[in-house]
K.L.:
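Sharing a structure, written as structure tokens. Questions coming.
What you see is a predicted model; the values in this text were computed from it and never measured. Side-chain atoms are counted along with the backbone in the values below, which use heavy atoms only and exclude waters and symmetry mates.
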Amino acid sequence: MTPVFDNSKVTVIFVLGGPGAGKGTQCSMLVDDFEFAHLSAGDLLRAEQHREGSQYGELIRGCIREGTIVPMEVTIKLLENSMQAILDEGRSSEGWGKDRGRFLIDGFPRKMDQAIMFDETVCKSSLVLFFSTTEEVMLGRLLERGKTSGREDDNEESIKKRFHTYKLDTAPVIEYYTKLGQVVEIDSSPPVEQVHKATSALIRDIFAKRSA
């Protein structure tokens, strides 16, 4: 099957790391640096669960509550639809043009079958940014965020379930892309600005090599 988007025109960078590793924070900074469109699989799913008339709402609510993974067909369809909608906007900034774009996809793929299905049917990914830190750091960040986030999964019980799911399912994805030479690992334990500086330099270097 031919992917929907041509990866010579559309750059997809997966952003992975445990819950609270700082993926969303770093993505928002990279958007400012490089004109990426930032898609968070989690945000798309949370929005869809509340969308009036959604055929997936109840299913997504149950998965989020239990800390389990939403069926991949749902997540992948939401990502594909969002990418198409953004490309249809006709952006003209750096990296954009007719059928051209650059996307950061945050918190996806969470499992091997998601990775393979997305690469084969939507767009072959170019790179995986892997933000690594300790569970202690992630737990502290998530409990702090839970005071203001309003997210029903930012409580200690749900967080521990999410850590377990992440270890079980996402670690093999990192291993798979590491073997393909697509993974760049970044220590996200230091302060936000320090992590951003390191990440931005890596992305700048990758784009420079591509345009050379």
Side-chain angles (χ1 to χ4, degrees), residues 12-27 38-50 54-80 82 104-122 125 127-180 182-189 195:
V12 170
I13 296 178
F14 292 142
V15 183
L16 296 178
K23 300 182 296 294
T25 303
Q26 293 302 323
C27 282
H38 172 210
L39 295 176
S40 161
D43 286 352
L44 288 174
L45 290 166
R46 280 186 284 276
E48 186 68 16
Q49 72 175 319
H50 299 304
S54 168
Q55 68 190 95
Y56 305 125
E58 186 54 46
L59 171 70
I60 295 169
R61 276 192 293 277
C63 290
I64 288 176
R65 195 165 49 244
E66 291 304 314
T68 53
I69 290 176
V70 173
M72 66 174 173
E73 292 81 4
V74 175
T75 308
I76 288 172
K77 195 63 191 168
L78 293 177
L79 286 167
E80 181 193 323
S82 295
L104 289 174
I105 300 184
D106 158 13
F108 179 92
R110 300 267 302 277
K111 293 181 80 172
M112 275 303 307
D113 52 1
Q114 292 181 352
I116 291 163
M117 186 175 178
F118 185 94
D119 278 349
E120 288 181 351
T121 65
V122 181
S125 56
L127 186 74
V128 177
L129 282 180
F130 173 41
F131 290 105
S132 61
T133 185
T134 64
E135 280 195 15
E136 187 181 13
V137 167
M138 292 190 284
L139 180 62
R141 287 174 179 172
L142 290 170
L143 290 175
E144 187 61 35
R145 185 176 77 183
K147 294 174 186 176
T148 56
S149 72
R151 279 179 52 169
E152 58 190 63
D153 60 346
D154 275 349
N155 63 77
E156 191 153 353
E157 186 185 351
S158 285
I159 288 165
K160 286 185 173 165
K161 283 182 185 174
R162 286 158 68 198
F163 283 159
H164 176 73
T165 302
Y166 165 72
K167 276 186 181 168
L168 198 66
D169 293 325
T170 310
V173 176
I174 303 290
E175 285 175 29
Y176 169 72
Y177 283 114
T178 298
K179 285 175 185 167
L180 294 178
Q182 282 184 227
V183 174
V184 176
E185 184 171 352
I186 295 158
D187 179 8
S188 63
S189 306
V195 178

K.L.:
Which pair of non-hydrogen atoms, one from A41 and one from T75, has the smallest distance, and what is that distance?
P.N.:
CB-CG2, 4.0 Å

K.L.:
Considering all heavy atoms of both residues, which atom of L16 and which atom of G107 are nearest to each other, and what is their separation?
P.N.:
CD2-C, 4.2 Å

K.L.:
Less than 4.5 Å apart, side chain to side chain, heavy atoms only: is that true for T165 and T68?
P.N.:
no

K.L.:
Verify the neighbour count for atom NZ of K77: are there more than 12 heavy atoms of other residues, nucleotides or ligands below 6.0 Å?
P.N.:
no

K.L.:
Kindly give the heavy-atom pair with the smallest separation between I60 and L45, and that separation in Å.
P.N.:
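Looking at all heavy atoms of both residues, the shortest contact is CG2-O, 3.5 Å.
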
K.L.:
Nearest heavy-atom pair of L44 and S82: which atoms, and what distance?
P.N.:
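Where L44 meets S82 most closely, the heavy atoms are CD2-OG, 3.4 Å.
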
K.L.:
Drop me the distance from E136's CD to S189's OG, to the nearest 0.5 angstrom.
P.N.:
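Result: 10.0 Å between the selected atoms.
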
K.L.:
At what distance, to the nearest 0.5 angstrom, does CD1 of I76 lie from CD of E73?
P.N.:
7.0 Å

K.L.:
Can you tell me how far the CD atom of Q26 sits from the CG atom of L129, to the nearest 0.5 Å?
P.N.:
9.5 Å

K.L.:
Apply salt bridge (Lys or Arg N to Asp or Glu O under 4.0 Å) to the pair E157 and K160, showing each step before the final yes or no.
P.N.:
CA-CA 5 Å; E157 186 185 351; K160 286 185 173 165; over 6 Å; no

K.L.:
Could you report the tightest heavy-atom contact between L142 and I159, atom names first, then the distance?
P.N.:
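Scanning both residues completely, I find the closest heavy atoms to be CB-CD1, 3.5 Å.
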
K.L.:
Excluding sequence neighbours, so at least two apart, what forms side chain to side chain contact (heavy atoms under 4.5 Å, CB included) with S132?
P.N.:
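Side chain to side chain contact (heavy atoms under 4.5 Å, CB included) list for S132, sorted by chain: F130, E185.
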
K.L.:
Let me see the working for D106 and F131 under side chain to side chain contact (heavy atoms under 4.5 Å, CB included), right down to the final yes or no.
P.N.:
CA-CA 11 Å; D106 158 13; F131 290 105; over 6 Å; no

K.L.:
Between P19 and R162, which heavy-atom pair has the shortest distance, and what is it?
P.N.:
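Closest pair (atom of P19, atom of R162, distance): CB-NH2, 3.6 Å.
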
K.L.:
What's the separation between atom CD1 in I64 and atom CZ in R46, rounded to the nearest 0.5 Å?
P.N.:
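Rounded to the nearest 0.5 Å, the CD1-CZ separation comes to 6.0 Å.
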
K.L.:
Is any side-chain heavy atom of V128 closer than 4.5 Å to a side-chain heavy atom of Y176?
P.N.:
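Counting from C-beta outward, V128 and Y176 never come under 4.5 Å.
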
K.L.:
Kindly compute the distance separating OG (S54) from CG (L78), expressed to the nearest 0.5 Å.
P.N.:
8.0 Å

K.L.:
Tell me whether E144 is salt-bridged to R141, with the criterion being a basic N under 4.0 Å from an acidic carboxylate O.
P.N.:
no

K.L.:
Could you tell me whether the side chain of L79 reaches within less than 4.5 Å of the side chain of V122, counting heavy atoms only?
P.N.:
no

K.L.:
In Å and rounded to the nearest 0.5 Å, what is the CD to OG1 distance from E80 to T121?
P.N.:
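Rounded to the nearest 0.5 Å, the CD-OG1 separation comes to 7.0 Å.
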
K.L.:
For the backbone of G17 and the side chain of K23, can you confirm whether one donor and one acceptor N or O come within less than 3.5 Å of each other?
P.N.:
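Side chain of K23 to backbone of G17, a donor-acceptor pair under 3.5 Å: yes, one is there.
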
K.L.:
Answer yes or no: is there a side-chain heavy-atom contact under 4.5 Å between E48 and V74?
P.N.:
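Counting from C-beta outward, E48 and V74 never come under 4.5 Å.
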
K.L.:
Check whether any side-chain heavy atom of Q182 lies under 4.5 Å from a side-chain heavy atom of S125, and answer yes or no.
P.N.:
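Of all side-chain heavy-atom pairs linking S125 with Q182, at least one is under 4.5 Å.
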
K.L.:
Name every donor-acceptor pair, under 3.5 Å, that has one atom in a side chain of residues 108-118 and the other anywhere in the protein, sequence neighbours excluded.
P.N.:
residue, atom, partner, partner atom, Å
Q114, OE1, R110, N, 2.6
Q114, OE1, K111, N, 3.4

